[in-house]
Protein chains: 2
Amino acid sequence: MPKIVDHEARRRHIADALLRIASREGLDAVSLREVAAEAGVSMGMVQHYFATKDQMLMFAMIQLNARIGERVATAMDAPSPRAFLRAAILELLPLDDERRSEARIGLAFLARSVVADEPADLLRQALPYVIGFYAEQIRAAQELGQVRADLDAGIEAVILYTMAQGLVNPALIGHLSPEEVVATVDYHLDRLFLTSG
Amino acid sequence: MPKIVDHEARRRHIADALLRIASREGLDAVSLREVAAEAGVSMGMVQHYFATKDQMLMFAMIQLNARIGERVATAMDAPSPRAFLRAAILELLPLDDERRSEARIGLAFLARSVVADEPADLLRQALPYVIGFYAEQIRAAQELGQVRADLDAGIEAVILYTMAQGLVNPALIGHLSPEEVVATVDYHLDRLFLTSG
DNA sequence: CACTTTACGATGCGAGTGCATTGTAATCGC
DNA sequence: GCGATTACAATGCACTCGCATCGTAAAGTG
């Protein structure tokens with residue numbers, strides 16, 4: 001079996017091209033030919049590595065998810081639950097070009113998950129994970145006396161997540177500036193956390 | 001000029017068909033032929049009333065917006081700012097089949113607004129209006145002593161809106177039940193309003 | 001050196017797309 | 001009633017799409 005090439009590396013290369021197109025022109029503009037052109041390869045090669053377009057899409061989305069997940073994981077050594085939550089949320093918001101790009105794709109994927117099963121499954125799997133992390137941090141803060149004990153950590157985590165998701169579009173279309181987005185997040189955290197000190 | 005037909009009624013009829021398709025299969029599945037078939041008319045007729053597909057899409061979105069706006073307006077005679085806000089927000093969330101349908105389309109439109117100019121313009125125009133309404137209600141509640149005076153009504157309004165938008169997808173893919181969605185909204189309103197009583 | 005498997009590149013196909021064009025009833029002002 | 005305009009219906013066109021097929025060069029294994 002000839003295996004001169006790195007299979008996974010090729011797949012990532014193609015998926016990267018796909019993500020670039022999706023970011024620029026939306027998920028609708030993603031076609032086998034466009035992806036091949038963007039990746040600088042032939043269309044036959046794209047087909048060689050992905051049996052169907054949907055598989056290619058899902059692979060790219062999982063890769064994007066992983067990329068964001070890694071960045072959030074980097075923020076996990078934050079000095080306090082509040083700092084971690086702040087960092088984790090801001091990581092998802094379109095505050096610079098890279099995150100703008102990711103947020104565009106994420107939003108398109110979110111919309112797609114409403115009519116297609118596979119993206120919906122992926123989201124249904126990822127959501128408890130993300131929101132659960134938030135809830136854990138809030139509970140940790142409660143034990144540290146930094147969040148009122150009578151608040152519901154689970155629901156606060158949901159609100160945190162939904163607020164972040166809801167901020168994406170207004171930020172992307174320019175209704176909220178990056179500064180306003182950050183200010184909104186900080187305002188909300190101020191209301192959630194006790195201003196100790 | 002022969003005018004045996006009601007021009008606007010025909011346009012609404014076609015737009016309704018478009019919205020049904022968009023709700024069932026997503027915005028991508030909307031084509032001139034599909035819309036014509038769904039509306040029970042010829043493709044030539046669709047073209048007669050809409051010069052381009054984009055115009056048809058925008059018309060349908062504006063119509064959807066107006067439909068939701070009317071329902072929210074009905075809720076405006078609520079007895080208190082809190083009751084109004086609650087009603088206005090729940091009106092946007094996918095709690096029954098009709099609103100599920102609307103939320104699906106709205107989400108697709110939201111994603112489209114990130115890569116297309118016209119939808120983005122529409123949203124940029126509508127957002128200050130909606131959020132402004134929320135802010136007004138919160139300020140009214142502050143004057144009534146139902147919301148702490150030191151809270152920022154403008155930011156609270158943004159958070160209210162973003163939370164609602166962020167709830168749409170988790171609700172649509174079934175990660176949150178309608179009951180959990182309502183509970184989350186009520187929880188947030190509980191935190192925003194003073195439990196005077 | 002065969003023989004198989006991998007890794008493509010090239011091409012083609014049927015379906016579907018938005019839109020333009022054409023034809024034709026019907027209905028108005030005159 | 002006659003020309004002009006409206007309201008469609010039907011068809012065609014150029015294009016794009018995902019995917020299948022075919023051919024082939026390279027690299028391993030025996």
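Order of the sequence lines sets the chain letters (A, B, ...), proteins ahead of strands, with each chain counted from 1. Everything quoted here is computed from the prediction, not taken from an experiment.
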Mind listing the side-chain donor-acceptor pairs of residues 112-119 of chain B below 3.5 Å, one per line with the distance, residues two or more places apart or on another chain?
{"from": "Arg112(B)", "atom 1": "NH2", "to": "Asp54(B)", "atom 2": "OD1", "distance (Å)": "3.3"}
{"from": "Ser113(B)", "atom 1": "OG", "to": "Asn169(A)", "atom 2": "ND2", "distance (Å)": "3.1"}
{"from": "Ser113(B)", "atom 1": "OG", "to": "Leu110(B)", "atom 2": "O", "distance (Å)": "2.6"}

Rounding to an integer number of Å, can you tell me how far [X] [atom1] sits from [N] [atom2]?
{"X": "Met45(B)", "N": "dC19(C)", "atom1": "CE", "atom2": "P", "answer": "18 Å"}
{"X": "Arg33(B)", "N": "dC13(D)", "atom1": "CZ", "atom2": "P", "answer": "14 Å"}
{"X": "Met43(B)", "N": "dC19(C)", "atom1": "CE", "atom2": "P", "answer": "9 Å"}
{"X": "Asp54(B)", "N": "dG18(C)", "atom1": "CG", "atom2": "P", "answer": "10 Å"}

### Message
List the residues meeting ring-ring contact (aromatic ring centres under 6.0 Å, His included) with Tyr161(B), not counting sequence neighbours, and say none if there are none.
### Response
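Once residues adjacent in sequence are excluded, Tyr161(B) has no partner under the ring-ring contact (aromatic ring centres under 6.0 Å, His included) criterion.
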
### Query
Who passes ring-ring contact (aromatic ring centres under 6.0 Å, His included) against Phe109(A), sequence neighbours left out?
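Not a single residue meets the ring-ring contact (aromatic ring centres under 6.0 Å, His included) criterion with Phe109(A).
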
#### Entry: Strand-adjacent residues in residues 18-26 of chain A, judged by heavy atoms under 4.0 Å from DNA chain D
none

Please pick, from [options], the nucleotide with the shortest atom-to-atom distance to any side-chain atom of [X].
{"X": "Arg10(B)", "options": "dC8(C), dC19(C), dC8(D)", "answer": "dC8(D)"}
{"X": "Tyr49(B)", "options": "dC19(C), dA20(D), dC8(D)", "answer": "dC8(D)"}
{"X": "His48(A)", "options": "dG18(C), dC19(D), dA7(C)", "answer": "dA7(C)"}

### Query
Is the distance from OP1 or OP2 of dC17(D) to the nearest side-chain N or O of Ser31(A) less than 4.0 Å?
yes

Using a 3.5 Å cut-off and no angle test, enumerate the donor-acceptor pairs between side-chain atoms of residues 75-96 of chain B and protein atoms at least two apart in sequence or in another chain.
{"from": "Ser80(B)", "atom 1": "OG", "to": "Ala83(B)", "atom 2": "N", "distance (Å)": "3.1"}
{"from": "Arg82(B)", "atom 1": "NH1", "to": "Asp190(B)", "atom 2": "OD1", "distance (Å)": "3.1"}
{"from": "Arg82(B)", "atom 1": "NH2", "to": "Asp190(B)", "atom 2": "OD1", "distance (Å)": "2.8"}
{"from": "Arg86(B)", "atom 1": "NH1", "to": "Asp186(B)", "atom 2": "OD1", "distance (Å)": "2.6"}
{"from": "Arg86(B)", "atom 1": "NH1", "to": "Asp186(B)", "atom 2": "OD2", "distance (Å)": "2.6"}
{"from": "Glu91(B)", "atom 1": "OE2", "to": "Arg71(B)", "atom 2": "NE", "distance (Å)": "2.6"}
{"from": "Glu91(B)", "atom 1": "OE2", "to": "Arg71(B)", "atom 2": "NH2", "distance (Å)": "3.3"}
{"from": "Asp96(B)", "atom 1": "OD1", "to": "Glu98(B)", "atom 2": "N", "distance (Å)": "3.3"}
{"from": "Asp96(B)", "atom 1": "OD1", "to": "Arg99(B)", "atom 2": "N", "distance (Å)": "2.8"}
{"from": "Asp96(B)", "atom 1": "OD1", "to": "Arg99(B)", "atom 2": "NE", "distance (Å)": "3.3"}
{"from": "Asp96(B)", "atom 1": "OD2", "to": "Arg99(B)", "atom 2": "NE", "distance (Å)": "3.1"}
{"from": "Asp96(B)", "atom 1": "OD2", "to": "Arg99(B)", "atom 2": "NH2", "distance (Å)": "2.8"}

### Message
Are there over 12 heavy-atom neighbours, none belonging to Glu8(A), within less than 6.0 Å of that residue's CD?
### Response
yes

### Query
Using the C1' atoms of five pairs at each end, what's the angle between the two axes of the helix from dC1(C)-dG30(D) to dC30(C)-dG1(D), to 10 degrees?
0°

